[in-house]
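The structure appears below as structure tokens.
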Protein chains: 2
Amino acid sequence: MKNLKMDNIRDYLMTNDIKPSYQRIRIYEYLMNSYDHPRVDEIYKALIDEIPTLSKTTVYNTLNLFIEKGIIHMVTIEGTEVRYDVDISDHGHFKCDVCGKVYDFKADIVEIETNLGESFIINQKDLFFRGICPSCSVKN
Amino acid sequence: MKNLKMDNIRDYLMTNDIKPSYQRIRIYEYLMNSYDHPRVDEIYKALIDEIPTLSKTTVYNTLNLFIEKGIIHMVTIEGTEVRYDVDISDHGHFKCDVCGKVYDFKADIVEIETNLGESFIINQKDLFFRGICPSCSVKN
DNA sequence: AATAAATTTGTAATGATTACAATATAAAAT
DNA sequence: ATTTTATATTGTAATCATTACAAATTTATT
Ligand SMILES: [Mn+2]
Ligand SMILES: [Mn+2]
Ligand SMILES: [Zn+2]
Ligand SMILES: [Zn+2]
């Protein structure tokens, strides 16, 4: 998505106060190239072949570190399903109830008006839709 | 909230194709009187004193049944935290990062415009905000 | 009252996440 | 270059939430 190359990921992590270890670079790289908001297990399974020593704990540690430093977001649409998103720009998520795929969409989330007073300090806004995606509704 | 009494809960469950057992009535009643979007454990702990034989499995079964029949919603704000909401009208949720309390707020969720084409069938729209609530920001 | 159906319960199994100590790697100091 | 220190990774065990399942109980039907 951001079209960063290996060296640029290294710089990007460093500017965000993250030491660019090999594992961290590869995990960020994977997130960058995956449009489907992967779960921990998918990330682990995708990398274990090329990084045979990789531990699932490292994946968890790294993702939590990335979140803490603000370079990725956690995406929770339903139940206990936790996904990760390297795109931290303002956008919404749609999950198809049939195929389970998660789509990004544009929305003016900032513009949404509420009856929360000004005394509420809002740090994050998330918008989740669910339903049936085009390719699944065609099959039906 | 809806100010339903015991007998009315019984009717309400029946009109939604749910046999009104004692446990189901009490669980729905608890949800109705709790404004804080309780977790499974809170519901169980609140009722176990008055219903000593209550099983946590029954709480799970009942909540899943209620969701299936559409009389409650699951609220997932972050990570693995699953909460339940008896208010199925259109509204958003705000979670305070300090005290953890979940607030309801009004928002025109239906009106939110997106770039999802018309070929997406949208069944549910959820809006989650996070930040610091008034009473916690005062203390700071 | 007897039988069948539905609900509840308790326990075990599963799965995701975290805790923690040991090992390995990288950085700093001598 | 070697030693020391700090940081990161790994593997295993512990924890916690949820589900699966079969037995027991309750409710409905005959
Ligand atoms: Mn996204
Ligand atoms: Mn609510
Ligand atoms: Zn689909
Ligand atoms: Zn608060």
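Order of the sequence lines fixes the chain letters, A, B, ..., with proteins taken first and strands second; residue numbering starts at 1 for each chain. Predicted model, so just to flag it, every value in this text is computed and none were measured.
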### Task
Please check if the distance between the ring centroids of Tyr12(B) and Tyr28(B) is under 6.0 Å.
yes
### Task
Kindly assign one of parallel, tilted or perpendicular to the pair His93(B) and Phe128(B), based on the angle between their ring planes and the thresholds 30° and 60°.
tilted
### Message
So if I take every side-chain heavy atom of Thr57(A) and compare against dT17(C), dT8(C), dT18(C), which nucleotide ends up nearest?
### Response
dT18(C)
### Task
May I have the distance from Leu47(A) (atom CG) to dT10(D) (atom P), rounded to whole angstrom?
11 Å
### Task
Send over the distance from Ile48(A) CD1 to dT10(D) C1', rounded to a whole Å.
11 Å
### Query
How close or far is atom P of dA24(C) from atom OH of Tyr22(A), stated in whole angstroms?
19 Å
### Task
Starting from the 5' end of DNA chain C, give me the residue, Asn64(A) or Pro52(B), whose nearest nucleotide shows up first.
Pro52(B)
### Message
Please classify the nucleic acid contact of Lys19(B) as base, sugar-phosphate, or nothing, using heavy-atom distances under 4.0 Å.
### Response
sugar-phosphate
### Summary
When rounded to whole Å, the OH to P distance for the pair Tyr60(B) and dC16(D) reads 13 Å
### Query
dT18(D) C1' sits how many Å from Glu81(B) CD, rounded?
15 Å
#### Entry: Minimum-distance nucleotide (side-chain atoms of Thr58(B) versus dT8(C), dG10(C), dT10(D))
dT8(C)
### Message
Using whole Å, what does the distance between atom P of nucleotide dT26(D) and atom CG of Leu54(B) come to?
### Response
14 Å
### Task
Give every residue pair that meets the side-chain hydrogen bond (donor to acceptor under 3.5 Å, both in side chains) criterion with at least one member in residues 119-129 of chain B, sequence neighbours excluded.
Gln124(B)-Asp126(B)
### Task
Would you mind reading off the distance between Asp17(A) atom CG and dT7(D) atom P, rounded to a whole angstrom?
12 Å
### Message
Expressed as a whole number of angstroms, how long is the span from Lys56(B):NZ to dG10(C):P?
### Response
13 Å
### Task
For Ile27(A) and Thr58(A), work out which heavy atoms get closest and say how close.
CD1-O, 4.4 Å
### Options dT18(D), dT10(D), dA8(D), nucleotide nearest the side-chain atoms of Asn61(A)
dT10(D)
